[in-house]
Amino acid sequence: GELTSFFSRVRNNQVMLKWATATEQNSAGFELQRSSGNQNWQKVVFIKAAGNSNSVKEYSYKDANLKSGTYKYRLKMLDNDGTFEVSDNIEAVVGLPVEYSLSQNYPNPFNPATKIVYTLPTNGFVKLQVYAITGQVVKTLVESSQEAGYYSVDFSGDNLSSGIYLYRLSVNNQSIVKKMIYLR
């Protein structure tokens with residue numbers, strides 16, 4: 001395949017990668033690879049190619065939930081006969097978050113498990129706790145010093161009764177509270 005474009009766009013801690021081919025002959029697909037720091041290249045995803053085509057084909061992939069840092073990406077373009085070509089590298093920089101945030105857990109309502117995502121613009125002592133509506137602490141998910149960046153924590157509702165719970169992020173005298181619903 002003949003690669004006509006390959007570029008990235010960063011949004012928060014996600015990198016959207018897009019590429020296009022002008023023509024494809026016996027193309028098997030594209031292995032998207034990522035590297036950061038001195039890491040070896042790692043396969044992120046394999047995306048099947050159109051195969052044989054004389055028109056422009058566009059592809060995209062969203063690399064989500066990345067930590068802050070600089071990432072390099074490249075495409076390994078594989079043909080059906082086993083031969084391959086490797087594209088030039090492109091770079092994407094995921095910056096630090098600009099504010100404290102606590103996202104709505106997902107899925108919500110949940111059973112049995114849900115994910116809580118939060119961001120820290122600066123280093124700090126972080127406490128992330130789940131409360132019953134009556135105010136008692138059901139579970140402490142995080143209680144430690146953390147560096148600025150993007151975080152996600154899994155929470156399991158095992159042994160809880162159905163209902164509404166609150167979760168609270170406290171860090172550096174800031175706190176944010178959200179509701180979650182556990183449905184058994």
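Counting from 1, the numbers follow the sequence of the chain as shown. Side-chain atoms are counted along with the backbone in the values below, which use heavy atoms only and exclude waters and symmetry mates.
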Undergrad: Hey, does the side chain of N89 reach the backbone of R74 with a donor-acceptor pair shorter than 3.5 angstrom?
TA: no

Undergrad: Verify the neighbour count for atom CG of D81: are there more than 12 heavy atoms of other residues, nucleotides or ligands below 6.0 Å?
TA: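 Result for CG/D81: enclosed.
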
Undergrad: Is there a side-chain contact between D88 and I90, using heavy atoms and a 4.5 Å cut-off?
TA: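 Heavy-atom side-chain distance check fails, nothing below 4.5 Å.
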
Undergrad: Can you find a pair of side-chain heavy atoms, one from Y71 and one from E91, that are under 4.5 Å apart?
TA: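 No, every pair of side-chain atoms sits at 4.5 Å or beyond.
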
Undergrad: Please list every donor-acceptor pair under 3.5 Å in which a side-chain atom of residues 121-130 meets a protein atom from a residue at least two apart or in another chain.
TA:
{"residue": "T122", "atom": "OG1", "partner": "Y100", "partner atom": "OH", "Å": "3.0"}
{"residue": "N123", "atom": "OD1", "partner": "A148", "partner atom": "N", "Å": "2.9"}
{"residue": "Q129", "atom": "OE1", "partner": "Y131", "partner atom": "OH", "Å": "3.0"}
{"residue": "Q129", "atom": "NE2", "partner": "T140", "partner atom": "OG1", "Å": "3.0"}

Undergrad: State plainly whether one hydrophobic cluster holds both Y73 and L78, where clusters connect Ile, Leu, Val, Met, Phe, Trp and Tyr through side-chain heavy atoms under 4.5 angstrom apart.
TA: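 They do not share one cluster, since no chain of ILVMFWY contacts under 4.5 Å joins Y73 to L78.
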
Undergrad: Check whether the side chains of E99 and S101 place a donor and an acceptor atom closer than 3.5 Å, and report yes or no.
TA: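 Judged by distance alone, the side chains do not pair up.
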
Undergrad: Among N65, D154, N105, N108, which residue meets the side-chain hydrogen bond (donor to acceptor under 3.5 Å, both in side chains) test with K115?
TA: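 With K115 as partner, side-chain hydrogen bond (donor to acceptor under 3.5 Å, both in side chains) holds for just one option, D154.
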
Undergrad: Minimum heavy-atom separation for V138 to A132, with atom names?
TA: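 Heavy atoms only, the tightest pair is CG2-N, 3.5 Å.
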
Undergrad: OG/S60 to NZ/K18 distance, rounded to the nearest 0.5 angstrom?
TA: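 Answer rounded to 0.5 Å: 5.0 Å.
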
Undergrad: If you apply the rule side-chain contact (heavy atoms from CB on, under 4.5 Å), what do you find for V117 with Y106, and how did you get there?
TA: CA-CA 9 Å; V117 172; Y106 64 91; 4.0 Å; yes

Undergrad: Between F6 and W19, what is the ring plane arrangement, given parallel below 30°, perpendicular above 60°, and tilted in between?
TA: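 Geometry flag for W19 against F6: perpendicular rings.
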
Undergrad: Any heavy-atom pair between the side chains of L75 and V86 that's under 4.5 Å?
TA: no

Undergrad: Can you check whether T119 reaches Y151 side chain to side chain, under 4.5 Å on heavy atoms?
TA: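 Side-chain contact under 4.5 Å: no.
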
Undergrad: Can you tell if the side chain of M180 reaches within under 4.5 Å of the side chain of K178, non-hydrogen atoms only?
TA: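 The answer is no, as the side chains (C-beta and beyond) never meet within the 4.5 Å cut-off.
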
Undergrad: Would you call the rings of Y182 and F110 parallel, tilted or perpendicular, where under 30° means parallel and over 60° means perpendicular?
TA: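 The arrangement is tilted - the two ring planes meet at 30° to 60°.
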
Undergrad: Is I133 reachable from Y167 through a run of hydrophobic residues whose side-chain heavy atoms are each under 4.5 Å from the next?
TA: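 No: no chain of side-chain contacts under 4.5 Å links Y167 to I133.
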
Undergrad: How far does CD1 of I176 sit from CD of Q174, to the nearest 0.5 angstrom?
TA: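 Going from CD1 on I176 over to CD on Q174, the span is 7.0 Å.
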
Undergrad: Just by distance, no angles: are the side chains of Q14 and Y150 close enough, under 3.5 Å, to form a donor-acceptor pair?
TA: no

Undergrad: Find out if a path of hydrophobic residues (ILVMFWY) with successive side-chain heavy-atom gaps under 4.5 Å connects V142 to L102.
TA: yes

Undergrad: What residue pairs, at least two apart or across chains, pass side-chain hydrogen bond (donor to acceptor under 3.5 Å, both in side chains) with a residue in residues 39-52?
TA: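 Non-adjacent pairs meeting side-chain hydrogen bond (donor to acceptor under 3.5 Å, both in side chains): S36-Q39.
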
Undergrad: With hydrophobic residues grouped by side-chain heavy-atom distances under 4.5 Å, do Y118 and V98 end up in a single group?
TA: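 As far as the 4.5 Å side-chain criterion goes, V98 and Y118 are not connected within one cluster.
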
Undergrad: Looking at R34 and D63, does any basic side-chain N land under 4.0 Å from a carboxylate oxygen?
TA: yes

Undergrad: Does some side-chain heavy atom of V10 sit less than 4.5 Å from a side-chain heavy atom of V93?
TA: no

Undergrad: Walk me through whether V94 and V15 qualify under side-chain contact (heavy atoms from CB on, under 4.5 Å).
TA: CA-CA 8 Å; V94 174; V15 178; 4.0 Å; yes

Undergrad: Are L160 and L141 linked, directly or through other ILVMFWY residues, by side chains that come within less than 4.5 angstrom of each other?
TA: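 Per the 4.5 Å side-chain linkage, L160 and L141 are co-clustered.
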
Undergrad: Assess the pair F46 and F30: is the distance between their ring centroids shorter than 6.0 Å?
TA: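 No: the rings miss the under 6.0 Å criterion.
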
Undergrad: Taking all heavy atoms of L120 and all of E147, pick out the closest pair and write down the distance.
TA: CD1-O, 3.7 Å

Undergrad: If I take atom CZ from residue F155 and atom OG1 from residue T114, how far apart are they, to the nearest 0.5 angstrom?
TA: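 Interatomic distance, F155 CZ to T114 OG1, rounded to 0.5 Å: 9.0 Å.
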
Undergrad: Check this for me: K179, atom NZ, are more than 12 non-hydrogen atoms of other residues, nucleotides or ligands nearer than 6.0 Å?
TA: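 No, because the 6.0 Å sphere around NZ of K179 holds 12 heavy atoms or fewer from other groups.
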
Undergrad: Specify the closest pair of heavy atoms between E24 and A50, including all atoms of both residues, with the distance to one decimal.
TA: OE1-N, 3.0 Å

Undergrad: Quick check for you: to the nearest 0.5 Å, what is the distance between R184 atom CZ and S162 atom OG?
TA: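 Taking CZ in R184 and OG in S162, the distance rounds to 6.5 Å.
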
Undergrad: Are S27 and T21 side-chain neighbours, meaning at least one heavy-atom pair lies under 4.5 Å?
TA: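 Not touching, per the 4.5 Å side-chain cut-off.
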
Undergrad: Over all heavy atoms of both residues, which pair between S8 and L17 is shortest? Give the atoms and the distance, please.
TA: CB-CD2, 3.9 Å

Undergrad: So which heavy atom on L96 is nearest to which on S68, and how close?
TA: CD2-OG, 3.3 Å

Undergrad: May I ask you to check if K76 and F84 form a cation-pi contact, with NZ or CZ under 6.0 angstrom from the six-membered ring centre and within 45° of the axis?
TA: yes

Undergrad: Decide yes or no for I116 and S103: does some side-chain heavy atom of the first lie under 4.5 Å from some side-chain heavy atom of the second?
TA: no

